[in-house]
Amino acid sequence: MSADKVCFELDGKRVEAEAGQTILEAADAAGAYIPRLCHMEGLEPFGGCRMCTVTVNGRPAAACTQPVAADTVVCSDTKELNDERRMLLELMFVEGNHFCMSCEKSGACELQALAYRLELDAPRFDFLEPQRDIDASHPDVLLDHNRCILCARCVRASRDLDGKAVFGFVERGAEKRVAVNGGARLVDSNLDVTDQALAACPVGALLRKRVGFAVPVGKRRFDHEPIGHEVQS
Amino acid sequence: MPTNMRLEEPNLVVDRAVEEVGGDPARLMDVARKVMLHLGRVDDAAIARIAAKLDLPPVQVEGLVTFYAFLDKKQLGEIVIRLCDDVVDRLAGYDAVAAAFKAALGLDFGETSKDGLFTLQRTPCIGMCDQAPAALVNEVVLTRIDPAEVPGWIEILRKFKDPRRLVRRLGEGLNSHALIDAMVNNNIRHTKGLLLSPEVRGDALRKALALTPQEVIRSVKAARLRGRGGAGFPTGMKWEFTRMAAGEKKVVICNADEGEPGTFKDRVLLTERPSRVIAGLTIAGYAVGAELGILYLRAEYAYLYRYLNDILDKRREDGLLGHGIGKRLGLRRSFDFDIRIQLGAGAYICGEESALIESCEGKRGDPRNRPPFPAQAGYKGRPTSVNNVETLCCVTKIMQDGAANFSAFGTDQSAGTKLLSISGDCARPGVYEVEFGITVREVLAMAGCADAGAVLVGGPSGRFVAEAEFDRKICFDDLATGGAFVVFGHGRDLLQIVSWYIDFFNEESCGYCAPCRAGNQLLRLGLERVRSGAASPADVKQLRELGRMMVRFSRCGLGQTSSNPILTTLESFEELYGNLVIEDQTGVRRSFDLEAELETSRGIQGPGIESQKEAGLEVGS
């Protein structure tokens, strides 16, 4: 084994990783899927949704930000962790206003797909039903705060991939929300419909207008294979 | 507008604030604070101008302004009255005080008077629990507020527009210093002759400079000093990591963002032994090889700002700070080191060390992902050691008296003494220096708490302790605490108290991670369900599971501990929950109210057919 390789155990299997990789990257490379929402390849890790929480030698850590360490024992696909992830997912559903049946992103939504994968039937928690706005000012793009999970993928993609910093966070706690640079509305920003920020949204919060429901049921991203199948070997 | 101050040209105010920090975007916090002070708002126009001047995206400026409780986009009055609504204040008559202010001002919370003079707000613990109920009027602290005095105060404020006029009595000790001039009391009730002993100015620094930095670190390790903020990380090890980390420019920060509800001992150290704190930070700088030190002072303690800055100035004059520190003292070893004070702006989360670093860089107080740890990459990416006020006082004492004299106090795992901030239902609230290893029972006896039914050790992020556990010890391997020790008498409604603390965490969550942001809202709902008597055992089980998930999944200490008031009362006071919860034989949750559930759809559908018939309306065919 070369010096820049690191071996650790993931769910009982030996995984060889490159030093400096995160647990999530190493798991992906090894064909083991760890659930995630705020993580997106090509973007700086955020560590916000916590869905990828695993245990490293028994201690919880977010796989998307935690570097691999030699000879550690990492657990991810356990009943305990999956139960906790399912609960966290419930939290994310009740925290916003997610109506899958009428959402343009249905079938291609990572939040919804993860709920199917983790077999979330119906949330046991009260729906918080927050009052949130929709920004339809932009000619080509819709921003629906009701569906936003504050994953910062648009914030990071706009800043780091588009070089624009169109989005940022304002307020804090339950009031925290994505805001648009340079004014209150999307139309006042320099966002383009081709921006990577738009494609980065895992849910139906940031949508291209006039293409909703264009993909028929049966041909949508997650219609046949569950989320994560692309990394699983 | 009430005064000339508010007549200033907004653009000039912004420009001057930017100029004062030399156009450094990392000082955005200071700029926003200054604009707030002079304009009473940081509105969209000010945000746009600040952003342009500092070359930042406007949304980043707005993100900061809307993050901190003491900054506001909307216009606040010239005099902002913030009533402390901490649990201890609530038990000490907050409701009557709030009613008196509302009546005298004709305002509700969040409102500003039409003449632009007053704004009334609530604020969490301002570190005055030993003299509650308390409030901030701009930066002036009011303590032991008597509701009967309030109307007179408002008249004085109306007449002179100067909150300083309300300070009629001064606190003991240095609270009467011309640069503090506060009605705050120290309430030092018990000492062990260590942390609050007289300070010989310059002595510790001279002794430290007789050692190499490595020897200083070795000495702190030999004293077995652990961080006093609550987490208890070995200080010498933290310094060593920082010193060894790659990067020429190191930074040391003093965490004076004492925000854990019920904690106020750093307030007393900063008032009575500021030289000891600053000497400790200077020694930390020497040990890790830093040239820059930052003292992060919470906004609630802004009344100490001028006083502390004056002390820094005097130390610069005397060669205890600045260029060639040892040389100017006539010593062989010498180093360059200076300190600036960074004022916060009202955010509990900034007590978390990486959030505090973000705040020092002029950003929202979002905690960072780890690794890298601050010791590897902290302030502006430089290796940084963040230490609590009390920890730094310990350092100074270790240098003065030697490691052995320090570790002679306490236990094996917890060397030295600890300052407790004792408040709540006790005869003698105040600051107590105790030896680690002391039992809860012994502390209660000292403070005159004959009727204690529960003690909150370490604040709401710590744990509730029941009578059966009063022989447990205050130390890192049993009951660890940053200093808060809040006593509740037998007659108190503990679940009400728990629910106030959950409200606190809801207000202070930064919102970065989902488990904390959403979890705290659901903890609140779940607890209210129990308190209203509508919960079944399944609801309590779910509350516990939610709390445990948040402990494991949250990103920082806030979310990892905010369920503690619920989890620890479930553990030590389970009967409180059990008494309110009834098993339902039908299998339907008692909290499920069919009529209430139907109410919404009835509202949407309009009156039903039956009621339309009753009203004599034609029912369509």
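In what follows, chains are A, B, ... by sequence order, proteins preceding strands, each numbered from 1. Keep in mind the model is a prediction, meaning the values are calculated, not measured.
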[X] versus chain B, the contacting section by heavy-atom distance below 4.5 Å:
| X | result |
| --- | --- |
| A/Ala62 | neither |
| A/Arg85 | both |
| A/Phe167 | backbone |
| A/Leu81 | both |

Where on [X] is there a heavy atom nearer than 4.5 Å to chain A: the side chain, the backbone, both, or neither?
| X | result |
| --- | --- |
| B/Ala52 | neither |
| B/Asn369 | side chain |
| B/Ala51 | neither |
| B/Ile349 | neither |
| B/Glu545 | both |
| B/Tyr68 | backbone |

Do the side chains of [Y] and [X] get nearer than 4.5 Å, heavy atoms only?
| X | Y | value |
| --- | --- | --- |
| B/Asp366 | A/Phe169 | no |
| B/Leu522 | A/Leu128 | yes |
| B/Gln521 | A/Val94 | no |
| B/Met549 | A/Leu91 | yes |
| A/Glu175 | B/Thr66 | no |
| A/Lys176 | B/Arg364 | yes |

**Study point:** Heavy-atom neighbours of B/Lys380 NZ exceed 12 at 6.0 Å
**Key:**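 For B/Lys380, atom NZ is crowded (more than 12 foreign heavy atoms under 6.0 Å).
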Rounded to the nearest 0.5 Å, what separates atom [atom1] in [X] from atom [atom2] in [Y]?
| X | Y | atom1 | atom2 | result |
| --- | --- | --- | --- | --- |
| B/Arg555 | A/Thr65 | CZ | OG1 | 8.0 Å |
| A/Met87 | B/Met550 | CE | CE | 10.5 Å |
| A/Cys49 | B/Arg517 | SG | CZ | 9.5 Å |

Check your understanding: Is there a donor-acceptor pair closer than 3.5 Å between any side-chain N or O of B/Tyr512 and the backbone N or O of A/Gly47?
Key ->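 Judged by distance alone, no pair lies under 3.5 Å.
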Check your understanding: Can you check whether A/Pro60's main-chain N or O pairs, donor with acceptor, with B/Arg552's side chain at less than 3.5 Å?
Key ->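 No; judged by distance alone, with no hydrogens or angles, the pair does not exist.
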Point to revise | salt bridge (charged side-chain N to carboxylate O under 4.0 Å, His left out) evaluation trace for B/Glu508 with A/Arg172 | key: CA-CA 8 Å; B/Glu508 296 299 328; A/Arg172 74 182 187 199; 3.2 Å; yes
Review point. Do you know which of B/Ala48, B/Ala518, B/Cys516 has the most heavy-atom pairs under 4.5 Å to chain A?
Key: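 Ranked by heavy-atom pairs under 4.5 Å with chain A, first place is B/Ala518.
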